[in-house]
Amino acid sequence: MVSYNNDSFSKLQELVERAGGCAVMDGGLATQLEFHGANLHDPLWSALCLISMPELIYKVHWDYLEAGAEILVTASYQATIQGFESKGLSLAEGEALLKKSVSLACQARDSFWEKYQTCKEGETLNFVIRAPALVAASIGSYGAFLADGSEYSGDYGPSMTLQKLKDFHRRRLQILANAGADLLAIETIPSKIEAKALVELLEEEDVKIPAWISFNSKDGVNAVSGDPFVECISLVDKSEKVVAVGINCTPPRFVDGLIILARKITTKPILVYPNSGESYDPILKEWLPSTGVSDVDYVSYVETWKATGAAVVGGCCRTTPCTIRAIKTALNKISCA
Ligand SMILES: C[S+](C)CC[C@H](N)C(=O)O
Ligand SMILES: N[C@@H](CCS)C(=O)O
Ligand SMILES: [Zn+2]
């Protein structure tokens, strides 16, 4: 594995600087797994592939690297020890699968760097790679584990407490923080209470790699739970362990307003990786057609997102390597203009 001598926060900053102020991350991992034939109609959703088809996860990471992604998010979004246990796997097996999610992304990143580091622009890829991509270990919300779509409401019932959320998240966070990733991608977080649980855990567990925390919204003002977005950002901004904040799995039309709100609160880098704007049906485990935006429309937002203050742009659910390729091209055009 490639070893690095600078810390991950500098690596994120350097990545953004090298990219001219706005770097590119990957797109929907689960979406591309499905494109390659994976069936994710299961409570483990994309994490099922860690058990049944890990080589497909490697392939999807590779697809996104070829599309221009400079940050890869691992397949651990819905991978939890509790979820693996409900499939009959042991604690040790569950922990090994979490580590595997990171090693698959690291292996793809390292092989890609080895293959293309000396490649000139236009030779094979239409961009130059100046450094290996970063690997961000995904930590999805409690709602992702519930597999009922409640990451889009944050409604975990009246008996949910801060302590229960911390108990739920603790072990996976420990494992992923020590698995060789550059960053933790704490993503699709619906509420303040869940963000607070995770921020407290980062401190209590003395996590040594930096984290980003990313919220989702369905109205452009609040996180999906109804907690004001600015309060969510303000909460995570105070943590030194949180080196960037994000907006993800949110319809593109809300993103520029959310960047403006975040910018008023934080000087940390802002990542934006919206979904296609479609709605998810958690019973069918499918996306409802025809409410999303095309890649062309999605990319028309990129210039505004960069101008408004996004340091990293990518995609979440229902975005593909085509989306990421188009974002990369759009950002190159802006910096050459
Ligand atoms: C981000 S959602 C599309 C992930 C899948 C959801 N947690 C489910 O299991 O239905
Ligand atoms: N990171 C996950 C989705 C989060 S909503 C994925 O790309 O499949
Ligand atoms: Zn998503």
Side-chain angles (χ1 to χ4, degrees), residues 25-36 38-50 56-57 59-61 63-64 67 69 71-80 82-84 86-87 98 101-102 104-105 135-156 168 172 176 181 183-190 194 212-218 223-224 246-252 254-255 271-288 291-293 298 312 314-321 323-324:
M25 60 181 284
D26 61 3
L29 184 112
T31 302
Q32 186 69 358
L33 286 169
E34 287 184 311
F35 173 81
H36 285 305
N39 180 353
L40 306 185
H41 292 77
D42 185 273
L44 287 185
W45 198 51
S46 56
L48 187 63
C49 294
L50 285 168
L56 208 58
I57 295 173
K59 181 169 172 43
V60 169
H61 288 317
D63 290 346
Y64 278 118
I71 303 175
L72 296 179
V73 179
T74 65
S76 47
Y77 173 77
Q78 202 147 316
T80 61
Q82 299 88 331
F84 290 133
S86 67
K87 289 275 178 199
L98 289 173
S101 70
V102 175
L104 285 165
V135 168
S138 174
I139 295 188
S141 62
Y142 179 65
F145 157 71
L146 291 179
D148 60 357
S150 55
E151 64 264 69
Y152 295 120
S153 68
D155 184 357
Y156 303 152
F168 165 76
R172 171 173 61 164
L176 290 175
L183 295 152
L184 291 178
I186 299 175
E187 54 177 1
T188 330
I189 299 303
E194 193 153 15
W212 80 61
I213 299 193
S214 183
F215 297 92
N216 50 338
S217 170
K218 50 193 176 196
V224 291
I247 300 152
N248 81 293
C249 221
T250 292
F254 297 133
V255 169
L271 298 95
V272 301
Y273 52 117
N275 59 27
S276 62
E278 291 163 273
S279 308
Y280 183 67
D281 181 329
I283 311 286
L284 295 174
K285 295 212 176 297
E286 280 166 17
W287 291 84
L288 301 177
T291 50
V293 292
Y298 192 103
V312 178
C316 203
C317 296
R318 302 289 282 169
T319 67
T320 68
T323 322
I324 300 312

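Each ligand, and each atom within it, is numbered from 1 in the order the structure gives.
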How far apart are the closest heavy atoms of Gly315 and Tyr273, and which atoms are they?
N-CB, 3.5 Å
Taking the side chain as every heavy atom from C-beta outward, state whether [X] and [Y] have any atom pair closer than 4.5 Å.
| X | Y | answer |
| --- | --- | --- |
| Leu29 | Tyr77 | no |
| Ser279 | Tyr152 | no |
| Thr74 | Leu104 | no |
| Asp26 | Gln32 | no |
| Glu187 | Cys249 | no |
| Ser276 | Thr323 | no |
| Ser150 | Asp155 | no |
| Thr320 | Phe35 | no |

Do any N or O atoms from the side chain of [X] and from the backbone of [Y] form a donor-acceptor pair under 3.5 angstrom?
| X | Y | result |
| --- | --- | --- |
| Tyr156 | Gly143 | yes |
| Ser86 | Phe84 | no |
| Lys285 | Ala147 | yes |

Do Glu151 and Tyr280 have a side chain donor and acceptor closer than 3.5 Å?
no
In this structure, CD1 of Ile139 is separated from CD1 of Ile186 (nearest 0.5 Å) by 5.0 Å
Have a look at ligand 2 and work out which part of Cys317, if any, has a heavy atom under 4.0 Å from it: side chain, backbone, both or neither.
side chain
Looking at [atom], what's its closest protein heavy atom, distance included?
| atom | result |
| --- | --- |
| atom 6 (C) of ligand 2 | Leu29 N, 3.6 Å |
| atom 5 (S) of ligand 2 | Thr188 OG1, 3.1 Å |
| atom 8 (O) of ligand 2 | Ala30 N, 3.0 Å |
| atom 1 (C) of ligand 1 | Tyr152 OH, 3.1 Å |
| atom 8 (C) of ligand 1 | Lys285 NZ, 3.2 Å |

Could an N or O of ligand 2 be found under 3.5 Å from any N or O of Glu187, whether backbone or side chain?
yes
Quick check: Val73 and ligand 2, any N/O pair under 3.5 Å apart?
no
Give the numbers and elements of all ligand 1 atoms closer than 4.0 Å to a heavy atom of Trp287.
3 (C)
Taking only heavy atoms of Ala144, which atoms of ligand 1 are found under 4.0 Å from at least one of them?
7 (N)
Residue selection (non-hydrogen contact nearest atom 9 (O) of ligand 1) among His41, Gln78, Glu278
Gln78
Atoms in ligand 2 with a heavy atom of [X] nearer than 4.0 Å:
| X | result |
| --- | --- |
| Trp45 | 8 (O) |
| Gly28 | 7 (O) |
| Cys316 | 3 (C), 4 (C), 5 (S) |

Give the contacting part of Phe145 toward ligand 1: side chain, backbone, both or neither, where contact means a heavy-atom distance below 4.0 Å.
neither
So, does Ser46 sit close enough to ligand 2 that a heavy atom of it is under 4.0 Å from the ligand?
no
Protein N/O/S atoms closer than 2.8 Å to the Zn ion (ligand 3), ordered by chain and number, come to Cys249 SG, Cys316 SG, Cys317 SG
Is Tyr280 close to ligand 1, meaning an N/O of one under 3.5 Å from an N/O of the other?
yes
